[in-house]
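In this text, all values refer to a predicted model and were calculated from it rather than measured experimentally.
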Amino acid sequence: MTISTKKCLSLLIVLIAMLTPMLATINKILIFNFRYFDDLILVLFYIVIFLYPNLRRKTYLDSYFLLFFLFFLISYIFNSLHVEPEAFLSQLRNYILPISCFYVTKYLFNDEFSFKKLYLPFYLFLALICLLGLYEGLTKQHFIPAINQWGDETFVGSAFRVYTFFGHPNDYGYYLLFFISFVTLGLYLGVFKKNFSTIFFLIILYSNLVLTISMGPLLSFIVSFILLFQILNLKNKWLYLIFALFFVFMSYLTIGEVMTDRVFNRIEASIFSYHSVGESATRVDFYLQSIPVLLENFFFGVGPGSFGGWVATQFDSYAHYKYNISTYGLRSIDVFYPHLFGELGFFGGISFLTIYIIIIRRSILQYKFHSIHDGKFGMLLSANVLFCVFLILISAFWTMLFETNGHMILLWSFVGSSEGYYIFKCRNSLNRSTDFRKLYT
């Protein structure tokens with residue numbers, strides 16, 4: 001692969017990582033439709049992977065990918081009478097396209113120099129977005145208001161929540177967490193200098209997270225960091241810092257009578273509601289609606305693209321009609337695990353989660369390898385992957401981030417970069433001990 005080709009691929013990775021979460025907003029600004037920009041780039045990545053053998057080298061995840069797609073296909077065949085081919089292909093697209101970033105970044109960003117070249121554009125991009133978020137928070141006015149499916153401005157009448165160009169505060173909050181973890185861990189491990197610019201950058205990242213007033217990202221952040229610090233046996237003093245940030249955040253929201261109202265409204269709607277199942281648009285209701293689907297289709301599900309996701313609502317799913325599933329006009333049921341196991345059944349769901357369990361195991365091994373060889377940058381990459389996987393897995397209880405390209409492109413890019421750097425270090429290591437060979441395989 002030529003240097004110019006590498007530069008083009010690197011630029012495309014940066015562009016889709018930056019722009020994909022904001023495509024809906026960008027489409028409102030531009031005259032032409034920019035909607036499928038990310039999909040086209042991801043398809044292009046697969047073409048490049050096919051053309052260049054170096055990108056097709058066997059990885060530790062290949063067999064698990066194949067196992068998942070085998071059960072995905074079996075679920076479709078088992079339910080082919082009720083699942084439209086277009087729905088099957090659309091749902092397949094949700095899972096398969098972002099994975100191309102893993103193979104491309106594994107090849108492109110396999111050393112510290114190539115990875116660090118991305119710092120400046122991402123620093124500038126996130127700094128500008130966060131400054132816009134602070135402006136929105138201070139003025140209580142969205143730069144570009146998000147319009148919901150009923151034609152109304154989103155979140156009108158509730159507490160003001162910052163989301164900049166992302167269209168939804170939850171999406172914005174989770175996107176920020178990918179980089180909050182990277183910068184926080186970089187400072188902790190000594191990869192980044194504790195200078196004014198880095199500290200200021202981290203402060204505005206945390207400030208924007210606070211201004212989203214999103215309970216999901218906050219809870220995912222706390223639990224993910226606790227798991228990370230416990231598994232990697234990091235110093236406990238940072239746990240105290242995280243809990244301090246947690247209480248500062250909660251105090252801010254409570255004093256403002258924001259979180260208090262939101263929490264009690266959620267409790268009342270979810271637990272103390274006298275509505276029957278299917279009459280209240282809460283996540284608890286969506287879980288309850290999912291139970292018959294999960295029990296009656298335990299092994300193979302109702303088929304890909306047939307339950308709970310935006311594909312099922314777009315193609316008028318037979319399963320939704322059969323089980324009288326109500327999404328209340330929303331695009332999805334907004335809880336990923338019932339959607340996953342409902343569509344693909346036990347075998348498909350477990351094979352999907354196995355991929356991420358293997359990534360967790362691999363990241364822990366990578367972290368141990370880099371710590372033995374005093375590789376702080378490698379420790380940062382593997383620890384950040386571990387945090388991001390925890391973040392996505394936890395968020396799946398109340399979001400559909402696994403089916404949003406904007407977040408999955410970032411996740412798979414981090415996973416690919418960490419793996420590429422790990423292989424690069426292994427090949428150049430002078431200490432080829434038994435333990436080393438065990439880690440490398």
Side-chain angles (χ1 to χ4, degrees), residues 1 5-18 20 38 41-66 68-69 95-119 121-122 175 178-179 181-182 185 352 355-367 369-370 375 377-393 401-402 404-427 439-440:
M1 183 181 293
T5 303
K6 288 184 177 180
K7 288 182 177 179
C8 288
L9 290 176
S10 300
L11 177 62
L12 290 176
I13 284 285
V14 172
L15 283 177
I16 60 173
M18 290 180 178
T20 300
D38 54 331
I41 298 301
L42 294 173
V43 170
L44 175 63
F45 285 165
Y46 273 112
I47 295 173
V48 173
I49 292 168
F50 177 78
L51 293 176
Y52 291 94
N54 286 339
L55 275 68
R56 299 199 306 271
R57 287 179 178 173
K58 185 178 179 180
T59 73
Y60 71 102
L61 287 174
D62 291 350
S63 57
Y64 299 100
F65 287 148
L66 291 175
F68 168 68
F69 290 119
Y95 292 123
I96 199 171
L97 285 187
I99 294 175
S100 64
C101 294
F102 167 70
Y103 291 95
V104 173
T105 55
K106 180 175 68 70
Y107 179 76
L108 290 179
F109 309 123
N110 57 7
D111 63 83
E112 190 169 348
F113 176 74
S114 61
F115 196 91
K116 284 186 173 180
K117 287 191 296 185
L118 305 180
Y119 284 0
F122 261 107
Y175 189 87
F178 278 91
F179 299 99
S181 68
F182 190 78
L185 290 169
F352 178 84
I355 294 172
Y356 294 91
I357 293 171
I358 297 301
I359 293 175
I360 290 172
R361 177 181 176 274
R362 183 74 163 189
S363 298
I364 294 172
L365 292 175
Q366 290 175 358
Y367 184 87
F369 169 80
H370 293 304
F377 186 74
M379 292 167 66
L380 169 60
L381 292 182
S382 53
N384 189 60
V385 167
L386 202 56
F387 172 86
C388 292
V389 171
F390 287 148
L391 184 74
I392 293 289
L393 289 173
L401 290 189
F402 271 114
T404 58
N405 274 358
H407 298 85
M408 295 309 294
I409 285 171
L410 276 180
L411 177 64
W412 283 115
S413 296
F414 281 139
V415 174
S417 300
S418 181
E419 177 67 11
Y421 186 76
Y422 170 63
I423 292 174
F424 170 78
K425 281 296 183 182
C426 286
R427 288 175 177 170
L439 287 170
Y440 184 48

Side chain proximity check, Tyr356 to Leu393, heavy atoms < 4.5 angstrom: yes
Approximate separation, where rounding is to 0.5 Å, of Leu410 CG and Ile392 CD1: 9.0 Å
Under 3.5 Å donor-acceptor, Thr20 side chain and Ala17 backbone: no
Minimum heavy-atom distance Gly406-Tyr175, with the two atoms named: O-CE1, 4.3 Å
Heavy-atom closest contact (Cys101 atom, Ile16 atom, distance): SG-CD1, 4.1 Å
Test item: Tyr422 side-chain N/O and Phe369 main-chain N/O as donor-acceptor pair under 3.5 Å: no
Parallel, tilted or perpendicular: rings of Phe65 and Tyr103 (30°, 60°): tilted
Minimum-distance pair of heavy atoms, taken over all atoms of Arg57 and Lys106: O-NZ, 4.4 Å
Validation row, ring centre Phe182 to ring centre Phe122 under 6.0 Å: no
Mutual orientation of the aromatic rings belonging to Phe414 and Phe179 [parallel < 30°, tilted 30-60°, perpendicular > 60°]: perpendicular
Side chains of Ile409 and Leu42 in contact at under 4.5 Å (non-hydrogen atoms): yes
Residue pair Leu44 / Leu12, side-chain heavy-atom distance below 4.5 Å: yes
Point-to-point distance, once rounded to the nearest 0.5 Å, from CG of Leu108 to CG of Asn54: 11.0 Å
Distance-minimising heavy-atom pair for Pro98 and Met408: CB-CB, 3.8 Å
Side chain to side chain contact (heavy atoms under 4.5 Å, CB included) evaluation trace for Leu97 with Phe45: CA-CA 9 Å; Leu97 285 187; Phe45 285 165; over 6 Å; no
Close side-chain approach of Leu9 and Tyr107, heavy atoms under 4.5 Å: no
Between CD1 on residue Ile355 and OH on residue Tyr95, distance to nearest 0.5 Å: 10.0 Å
CG-CG distance between Leu66 and Leu61, expressed to the nearest 0.5 angstrom: 11.0 Å
Side chain to side chain donor-acceptor pair (under 3.5 Å) evaluation trace for Ser418 with Gln366: CA-CA 8 Å; Ser418 181; Gln366 290 175 358; 2.6 Å; yes
Heavy-atom closest contact (Ser363 atom, Val385 atom, distance): OG-CG1, 3.3 Å
Between NE2 on residue His370 and SG on residue Cys426, distance to nearest 0.5 Å: 7.0 Å
Leu15 and Ile41, any side-chain heavy atoms less than 4.5 Å apart: no
Beyond-backbone contact of Ser382 with Tyr421, side-chain heavy atoms, under 4.5 angstrom: no
Side-chain heavy-atom pair Thr59, Asp62 within 4.5 angstrom cut-off: yes
Within 6.0 angstrom of Arg361 CZ, more than 12 heavy atoms from elsewhere: no
Which atom of Thr105 lies closest to which atom of Trp412, heavy atoms considered: OG1-O, 3.8 Å
Ile13 CD1 to Cys8 SG distance, which is reported to the nearest 0.5 Å: 12.5 Å
Side chain to side chain, Phe178 and Asn384, heavy atoms closer than 4.5 Å: no
